[in-house]
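The structure under discussion appears below in the form of structure tokens.
To find a chain, count down the sequence lines: A is the first, B the second, and so on, and within it residues start at 1. All heavy atoms count here, side chains included; hydrogens, waters and symmetry mates do not.
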2 protein chains.
Amino acid sequence: MVTLAEVARRANVTGATVSNVLRNPQKVKPETVERVMAAIRELGYRPNLTARALARGRTSTLALLLSNIANPFYPEFVLAAEREARKRGYFLLVCNTDDDPAITRAYLEQIAGSLASGVIVMNTDLGEGELAGIASKGVAVVLCMWEHVQASRALPCVTTDFAAAGALAAAHLSGLGHRKFGVIFGGGSGGPQTIRLDGFAAALAAHGHSEKSLFIVRAHDSIESGYEAAAGLLRAKPAMTSIFATNDLMAIGAMQAAADLGKRVPDDLSVMGLTDIALAHQFRPALTTVRLPTADIAARSVALALEMVEGGTPAQDVYVVRAPELVVRESTAPAPSRQR
Amino acid sequence: MVTLAEVARRANVTGATVSNVLRNPQKVKPETVERVMAAIRELGYRPNLTARALARGRTSTLALLLSNIANPFYPEFVLAAEREARKRGYFLLVCNTDDDPAITRAYLEQIAGSLASGVIVMNTDLGEGELAGIASKGVAVVLCMWEHVQASRALPCVTTDFAAAGALAAAHLSGLGHRKFGVIFGGGSGGPQTIRLDGFAAALAAHGHSEKSLFIVRAHDSIESGYEAAAGLLRAKPAMTSIFATNDLMAIGAMQAAADLGKRVPDDLSVMGLTDIALAHQFRPALTTVRLPTADIAARSVALALEMVEGGTPAQDVYVVRAPELVVRESTAPAPSRQR
DNA sequence: GTGAAAGCGCTAACAG
DNA sequence: CTGTTAGCGCTTTCAC
């Protein structure tokens with residue numbers, strides 16, 4: 001391995017100068033810069049990031065804590081996060097917690113303040129208090145996509161307007177003439193997707209629908225769970241003409257349940273999701289959904305974490321990234337006219 | 001940040017002893033171990049992995065180079081790889097190369113031998129020669145899922161039997177009575193999926209089918225590309241009764257193309273994929289495919305990389321992980337009897 | 001503008 | 001068994 005010292009020797013300067021050439025070239029005489037650069041090139045020198053990290057007291061990696069990368073939402077997020085990190089010269093450590101608080105803690109303890117100088121926490125069963133404890137050890141911690149905005153937030157949070165997303169779904173379904181709304185209400189670790197549901201329900205009320213037109217079932221974020229929930233819903237309320245799932249995976253499961261029960265989507269039943277993961281447009285019928293600005297949130301989270309790492313203090317507690325938007329595809333249609 | 005030295009002071013020993021307690025407790029008197037452990041607990045000491053890495057000349061991270069984590073194959077791989085790494089006390093850096101050799105090189109240069117002590121390379125436009133150059137700098141490089149087994153491999157490679165996978169598909173389709181075989185032949189960076197195709201074609205020949213019963217179109221690994229390829233194929237050869245895609249994503253695209261062209265799957269057309277990603281069973285009709293031992297390969301790759309990092313020399317050049325297996329689902333059926 | 005020197009926190013011989 | 005002593009490769013004042 002070629003070290004700084006070897007480069008220095010070859011360029012007839014000391015390590016300090018080489019270091020300066022690499023970091024503050026303007027502080028070094030152009031001639032010297034040239035000579036050092038030449039030595040670097042000739043020797044094929046690459047700075048050792050570990051040594052640099054130790055000396056500067058700060059690594060060039062960021063950790064991303066998520067429950068399980070096999071959930072198709074995360075890869076989309078990770079892709080965007082990694083690009084932003086790379087653009088800024090940082091690397092991304094992907095940490096699956098499997099929704100296990102013990103794993104989460106282990107990761108946090110090992111990584112925080114030693115391997116990664118910043119951590120983006122996407123959801124977890126850990127309380128904010130515990131996370132704040134980690135943050136107080138000098139790691140930049142940013143919460144991401146948290147649904148439960150609390151009054152006095154200890155940690156900065158990057159998220160989007162989940163209530164507006166729910167409201168968009170409600171407006172669309174209501175506008176199509178639906179009168180009965182099945183809701184598959186999901187959630188994983190990090191808690192239930194309450195805000196999406198509240199936004200949906202509130203918008204429905206604003207459109208003049210009574211609470212009685214809503215039929216809510218609980219599920220968790222997977223196709224299978226959405227399938228079960230929808231099947232139960234459709235059996236219990238065969239007159240249902242629309243289903244809104246607080247998550248695309250569950251919506252896809254709902255479409256499959258409808259098919260298996262002989263209901264055509266969207267002719268007999270409209271189905272909507274929320275998030276707009278890639279699957280939403282890949283499935284047939286393509287899913288009408290509310291798109292969350294996933295990539296923007298990812299980039300913003302990384303950017304915020306890095307600002308904090310590099311000494312900044314977050315200007316706000318909560319960063320709300322761009323509004324969600326309705327994406328109409330094939331799974332929703334006007335409510336079927338009543339049979340007489 | 002609590003350091004080793006502080007723990008040492010508190011336990012009335014020197015840093016070396018604390019270090020030993022952490023690494024070779026059997027070399028330290030039980031009493032002292034106790035005392036040190038107590039100090040560690042009281043102080044909430046966590047070893048600084050960066051400092052440790054610098055001192056040992058080896059980090060506790062592994063890098064995984066892949067083209068794009070949004071391709072649904074990768075998250076499944078990453079999940080398994082991360083678990084294996086974590087089990088062994090290592091962390092996983094996920095590096096998207098976006099199929100860009102420049103990004104790949106940049107990652108390799110920055111990471112290899114400084115940030116990560118091992119690199120798993122999943123596919124790339126870089127030649128083995130270039131990778132071997134990196135490896136010679138003291139990083140453990142393992143190739144993973146490479147299809148092109150070369151005689152004199154410079155780097156160890158973990159893979160599976162792709163030819164057998166293709167053969168399994170051929171046997172299944174042939175066994176169902178099909179006589180015309182459309183093949184969507186894919187590939188991304190890392191080259192075309194030649195071996196899968198060869199295995200398929202050879203098995204077909206062995207089952208007595210002439211070369212003329214094969215209709216091959218080229219595509220790349222995505223639903224969209226599979227759709228286009230299948231649409232072209234079905235328009236050119238309307239009598240086609242089966243399609244084998246060398247990759248599940250393309251197979252899914254093929255099923256969608258069939259539907260759009262009014263062909264029922266599997267009644268009119270049987271479609272098969274290869275890999276068995278999660279989407280294969282999530283789609284309807286569920287895709288018949290050949291399952292690759294993805295998780296095993298991931299775990300084995302990580303294990304091999306770590307053995308090398310920890311000083312071992314790979315015993316073999318190529319590690320072939322468990323045989324692929326046929327997974328029959330809903331997208332294949334006996335060939336429709338000929339109309340007269 | 002450049003060099004000398006003192007670490008960053010930990011590991012690894014080697015002594016004792 | 002435990003302590004001493006050098007570093008690992010780089011950054012960073014502070015002199016010159």
Legend entry - Lys/Arg-Asp/Glu bridge criterion (N-O < 4.0 Å) met for B/Lys87, B/Glu84: yes
Which donor-acceptor pairs under 3.5 Å do the side chains of residues 301-314 of chain B make with protein atoms, sequence neighbours left out?
from	atom 1	to	atom 2	distance (Å)
B/Ser301	OG	B/Ile297	O	2.7
B/Glu310	OE2	B/Tyr90	OH	3.1

Legend entry - Flag, side chain of B/Glu6 to backbone of B/Thr3, donor-acceptor distance under 3.5 Å: yes
Legend entry - Donor-acceptor pair, side chain of A/Asp100 and main chain of A/Ala102, under 3.5 angstrom: yes
Inset, instruction - Assess whether atom CD of A/Glu31 is packed by more than 12 heavy atoms of other residues, nucleotides or ligands within 6.0 Å. - result: no
Inset, instruction - Would you work out how much the helix from C/dG1-D/dC16 to C/dG16-D/dC1 bends between its ends, with each end axis defined by five base pairs, to 10 degrees? - result: 30°
Legend entry - Sidechain-backbone polar pair: B/Glu76 side chain, B/Phe73 backbone, donor-acceptor under 3.5 Å: no
Legend entry - Residue-level proximity of residues 27-39 of chain A to DNA chain D when a heavy atom falls under 4.0 Å: none
Inset, instruction - Could I get the full list of ring-ring contact (aromatic ring centres under 6.0 Å, His included) partners for A/Tyr319, not counting sequence neighbours? - result: none
Legend entry - Pair A/Thr59-A/Ser117, side-chain donor/acceptor within less than 3.5 Å: yes
Inset, instruction - Report, as a single string ordered 5' to 3', how protein heavy atoms within less than 4.0 Å touch nucleotides 10-16 of chain D: B base, S sugar-phosphate only, - not at all. - result: BBB----
Legend entry - Donor-acceptor under 3.5 Å (A/Asn48 side chain, A/Ala51 main chain): yes
Legend entry - Where chain A begins and ends its contact with DNA chain C, read 5' to 3' at 4.0 Å from heavy atoms: C/dG1 to C/dG9
Inset, instruction - Answer with base, sugar-phosphate or nothing: what part of the nucleic acid does B/Asn24 contact at a heavy-atom distance below 4.0 Å? - result: nothing
Inset, instruction - Check the distance between D/dG9's C1' and B/Arg58's CZ and give it to me in whole angstrom. - result: 18 Å
Legend entry - Exam field: side chain A/Thr160 to backbone A/Val321, donor-acceptor pair closer than 3.5 Å: yes
Inset, instruction - Would you check if the side chain of A/Thr50 reaches a backbone N or O of B/Ser114 as a donor-acceptor pair within less than 3.5 Å? - result: yes
Legend entry - Backbone of A/Pro156 reached by a side-chain donor or acceptor of A/Asp317 within 3.5 Å: no
Inset, instruction - Salt-bridge test for A/Arg86 and A/Glu82: reply yes if a basic N is under 4.0 Å from a carboxylate O, no otherwise. - result: yes
